[in-house]
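Heads up, the thing below is written out as structure tokens.
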Amino acid sequence: MTETTDHGTIESHSLEVESYPPSAAFKEQANLADPAIYWQAAEDPESYWSDQARKLRWSKPFTEALDWSNPPFAKWFADGELNVAENCLDRHVAAGLGDRVAIHFEGEPGDTRTITYGELAHEVKRAANMLTALGVEAGDRVAIYMPMIPETVIAMLAVVRLGAAHSVVFGGFSSESLRARIDDAKAELVITADGGFRKGRVSALKPTVDDALRLDDADGTPSTVQKVLVVQRGGNEIEMQPGRDLWWHEEITAYEGDHTPQGFPAENPLFILYTSGTTGKPKGILHTSGGYLTQVTTTHRDVFDLKPESDVYWCTADVGWITGHSYVVYGPLANGATQVIYEGTPETPDWGRWWSIIQKYGVSIFYTAPTAIRACMKVGRQVPEQYDLSSIRVLGSVGEPINPEAWRWYHEVIGGGRAPIVDTWWQTETGAIMIAPLPGLTALKPGSAQVPQPGISIDVVDDDGNRVDRGQGGLLSVARPWPSMVRGIWGDPERFVETYWSKFGDRYFAGDGARVDEDGDIWLLGRVDDVMNVSGHRLSTAEIESALVEHHAVAEAAVVGADDETTGQAVVAFVILKSQQQLVSEAEAEAELKKHVSGVIGAIARPKQVFVVTELPKTRSGKIMRRLLKEAAEGRDVGDTTTLADTAVMQTISQRVRTER
Ligand code: 6R9
């Protein structure tokens, strides 16, 4: 059955799922409009990826694509050499594109800067000279703790230009989280700012760095940090420690913009990015240069149908997350794209801010997260409707499954019913997009990320690693190594093998549940482990539980991710207080513990609800039954409790939750 509406053709499929095929006009101009790409790439993925890699500039060409002789440790293009920053900058300037705008920067208070590729290259070269003088060399790690401003991009590119690796820590993380990441990577330099603008105020960063560096290690060793380079942005008053702290704007004046890029081996570390796992300790995900740059560049061009000469691209992610690394910094810049970088929050000064930015710069490709779309939906369509969004031609979604209702709103209200939506599934570990429609080829289905990218082989499998039939659910796995795959967990090769490869042996275990429909399209169903997804950010239940029990009043804690209308999931904690603490009112304890978690991990981990309880549901062997707590927290009837040591516990807890809801 085919039905025509104002918004294009809606074809209903066997499963009654609506489908949005590309319009003839879109197809006509699309980068990829021939479905042969899929089977051509599948026939010989290594040669497909080699072709993509050769679009980059190599100072020494590679002769071999994949080395999988020591699984699961992959090497791609290993005997080739390249400079990632040169690929993002000098290469475009040399091609005569120095005057093309690289970044339209919009500060939250309304200040703006336009930076061309020529200017960005110049600033990165100066910064590279400055970092060299500060002792940064190939093989080092530099920690970056910054707001969303151009200097953050400049700092990242200057570090990698020297063959060193960055470890960007999201500005919302606490001093303790920052310190743990600095220690794990043994960074000797931290680049930060006095503060940045958020929600109409200056949010300080440098004092958190000071606190982080003051904290004593568990065993009392001082931090590895020798120097702190501080960008002036917030204008807030900060302390500068003589001999350690330096102002960026004062130091940089001594350096010229001459700097010859050196090629480094393709497997040279590019960055470490920490992400939550199933245990309390964040994992340092290691990415290297040649394969990573190849896949982020390819997917950024093909999934978003990028036309670097005419598009204005905007990805709203913070560079503190993988989406900011791959689709604000490396993908767009390596492709020579013009992009918007916005410092602040979508509601400052009001909910029209994003749409006014789209109108102002004529944004044509817009990439954001479902949680943001749902927040905008709540505010209402009357806000975006006040702006001219007709420049938009492609929309993207990332971070969690997009519910069909949010998809339709995004398509209609933001995309004017014309712009295709690419729902992109990937992870910090995959480095780049793995599953997503190609907008000139795929008939879109709201709620499904649909198809593995050309050259990527994804299977949904059962517990034993056997592919499930169409119409069935299972676990998402990647069958073959891909160029931008995680190369290891920093300093912990065993954990790398254990986390991703011990489940199936020869396949990568992603930690996500998925279903394949009758057409072979993939539907992501959320995490199957103890990782929560709050506003598209990964949080570990174990990490928050350990923060809670660190508090002197807490005897025991259990944390679950409960379904939430806006944020996807919300952190809900159940705590037992130590006996002498029973006198504190529950409301006081709840407020105090929320604050405590923010302080230990960062505001993103702050529980939405804390319930003080007297007991937790446990199996007879003493395991906390988080599944039951999740059901209670979602206000659902708790099912079978017969495996519990004390079957009455859940009744008390459910009642407790019900009175609060
Ligand atoms: C890029 C990023 C990864 C986890 C991943 C999955 C969830 C991301 C998704 C999605 C459904 C999508 N996820 N994109 N689920 N549809 N389009 O978000 O990386 O922060 O490492 O999170 O996010 O559960 O396993 P990361």
Side-chain angles (χ1 to χ4, degrees), residues 168 170 172-173 271-278 282-287 292 295-296 299-300 303-304 315-331 367-374 395-404 406-407 410 421-437 442 444-453 458 460 473 475-478 484-486 489 499-500 508-515 521-540 543 561 563 567-569 604-605:
V168 179
F170 173 60
F173 276 117
F271 64 81
I272 305 169
L273 184 60
Y274 288 83
T275 188
S276 298
T278 51
K283 302 176 282 197
I285 300 299
L286 172 67
H287 282 288
Y292 172 82
Q295 195 175 330
V296 295
T299 50
H300 181 255
V303 174
F304 297 104
C315 166
T316 64
D318 189 284
V319 289
W321 308 108
I322 191 66
T323 307
H325 282 62
S326 302
Y327 298 103
V328 174
V329 182
Y330 296 107
Y367 190 26
T368 194
T371 184
I373 298 163
R374 289 193 297 266
L395 293 171
S397 172
V398 62
E400 53 176 317
I402 178 166
N403 48 309
W407 195 102
Y410 195 30
I421 298 177
V422 287
D423 176 2
T424 63
W425 178 90
W426 58 293
Q427 309 176 297
T428 307
E429 293 88 341
T430 70
I433 294 170
M434 301 292 278
I435 309 177
T442 315
L444 307 170
K445 288 180 192 172
S448 171
Q450 298 187 281
V451 248
Q453 284 304 291
I458 302 266
V460 178
L475 301 169
L476 195 75
S477 74
V478 189
S484 63
M485 72 190 263
V486 47
I489 293 178
T499 310
Y500 307 108
Y508 169 86
F509 168 61
D512 279 45
R515 188 171 66 80
D521 285 322
I522 298 169
W523 297 72
L524 279 309
L525 303 173
R527 301 287 306 191
V528 294
D529 52 14
D530 289 329
V531 173
M532 294 173 286
N533 191 326
V534 179
S535 297
H537 298 145
R538 272 163 76 169
L539 295 170
S540 120
E543 198 179 350
D563 288 348
T567 57
Q569 287 188 321
I604 45 161

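Predicted model, so just to flag it, every value in this text is computed and none were measured. Counting convention: from 1, in listed order, for ligands and their atoms alike.
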Nearest protein heavy-atom contact for [atom]: which residue, which atom, what distance?
{"atom": "atom 22 (O) of ligand 1", "result": "Arg538 CD, 3.1 Å"}
{"atom": "atom 24 (O) of ligand 1", "result": "Asp512 OD2, 2.7 Å"}
{"atom": "atom 9 (C) of ligand 1", "result": "Glu400 N, 3.5 Å"}

Cut-off 3.5 Å, side chains only: do [X] and [Y] have a donor facing an acceptor?
{"X": "Thr424", "Y": "Tyr367", "value": "yes"}
{"X": "Thr316", "Y": "Thr368", "value": "yes"}
{"X": "Asp423", "Y": "Trp407", "value": "no"}
{"X": "Tyr292", "Y": "Ser326", "value": "yes"}
{"X": "Thr430", "Y": "Tyr508", "value": "no"}

Review point. Given Ala317, Gly396, Gly399, which has its nearest heavy atom closest to atom 8 (C) of ligand 1?
Key: Gly399
Applying a heavy-atom cut-off of 4.0 Å, say which part of [X] lies close to ligand 1: side chain, backbone, both or neither.
{"X": "Thr323", "result": "side chain"}
{"X": "Pro401", "result": "both"}
{"X": "Thr428", "result": "both"}
{"X": "Asn533", "result": "side chain"}

Review point. Hey, are Glu543 and Lys283 close enough for a salt bridge, meaning a charged N less than 4.0 Å from a carboxylate O?
Key: no
Could you list which atoms of ligand 1 come closer than 4.0 Å to a heavy atom of [X]?
{"X": "Val398", "result": "1 (C)"}
{"X": "Leu524", "result": "11 (C)"}
{"X": "Thr424", "result": "9 (C), 12 (C), 14 (N), 17 (N)"}

Exercise for review: Identify the residue among Met532, His537, Glu400 that makes a side chain to side chain contact (heavy atoms under 4.5 Å, CB included) with Gln569.
Suggested key: Met532
Point to revise | Passing option when Val486 is tested against Ile285, Leu286, Thr499, Thr275 for side chain to side chain contact (heavy atoms under 4.5 Å, CB included) | key: Ile285
Check your understanding: Quick one: does Trp426 get a heavy atom under 4.0 Å from ligand 1?
Key -> yes
Review point. Looking only at distance, does Ser397 have an N or O less than 3.5 Å from an N or O of ligand 1?
Key: no
Check your understanding: Just how far is it from atom CD1 of Ile522 to atom CD of Gln450, taken to the nearest 0.5 Å?
Key -> 10.0 Å
